[in-house]
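Here the structure comes first, spelled out in structure tokens, and everything after it is commentary.
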Amino acid sequence: MGVSPADLLGTGRPAAPTFAEYIPVVREAVSDGSRQAYGTYWNRVLEHWSERRIDRRRHCGQRRQP
């Protein structure tokens, strides 16, 4: 099949985009209604996490919810 164990581990996978890179893509892809409904949330994310990569699940200092 031409697949090595390293290929399965994701070695060489490109980095996930930041919220600042990805939210504009999403805004362009959704309907006007969705943009209107979610726009304030996306702005809030950009305000706080614009440089954070979208695959980073939580802030280092954030406690896990029970």
Side-chain angles (χ1 to χ4, degrees):
M1 292 175 57
V3 178
S4 72
D7 293 335
L8 299 174
L9 294 175
T11 310
R13 190 168 100 186
T18 63
F19 284 103
E21 295 167 335
Y22 196 65
I23 287 177
V25 174
V26 174
R27 276 193 171 130
E28 288 296 315
V30 301
S31 67
D32 290 337
S34 293
R35 239 185 321 279
Q36 188 173 11
Y38 294 106
T40 55
Y41 299 108
W42 293 332
N43 291 338
R44 184 78 150 214
V45 168
L46 290 173
E47 182 181 329
H48 295 280
W49 290 350
S50 63
E51 297 307 313
R52 181 186 235 180
R53 300 218 170 269
I54 63 171
D55 61 348
R56 188 165 170 212
R57 293 189 302 173
R58 60 188 173 109
H59 187 273
C60 305
Q62 184 180 6
R63 292 187 304 144
R64 183 173 281 179
Q65 296 293 323

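In this text the structure is predicted, and so the values were computed from the model without any measurement. In this chain, residues are counted from 1 in sequence order.
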Throw together a table of side-chain donor-acceptor distances under 3.5 angstrom for residues 39-46, partners on residues two or more places apart or in other chains.
residue: N43; atom: OD1; partner: R27; partner atom: NH2; Å: 2.4
residue: N43; atom: ND2; partner: G39; partner atom: O; Å: 3.3

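- For S50, the side chain to side chain donor-acceptor pair (under 3.5 Å) test picks out no residue, with sequence neighbours left out.
- Residue E47 places its CD atom among more than 12 non-hydrogen atoms of other residues, nucleotides or ligands, all under 6.0 Å distant.
- In terms of heavy atoms, W49 sits closest to F19 at O-CD1, 3.4 Å.
- Residues satisfying the side chain to side chain donor-acceptor pair (under 3.5 Å) test with D32, not counting sequence neighbours, are R35.
- Partners of P17 under the side-chain contact (heavy atoms from CB on, under 4.5 Å) rule, at least two apart in sequence or in another chain, are E21, Y22, I54.
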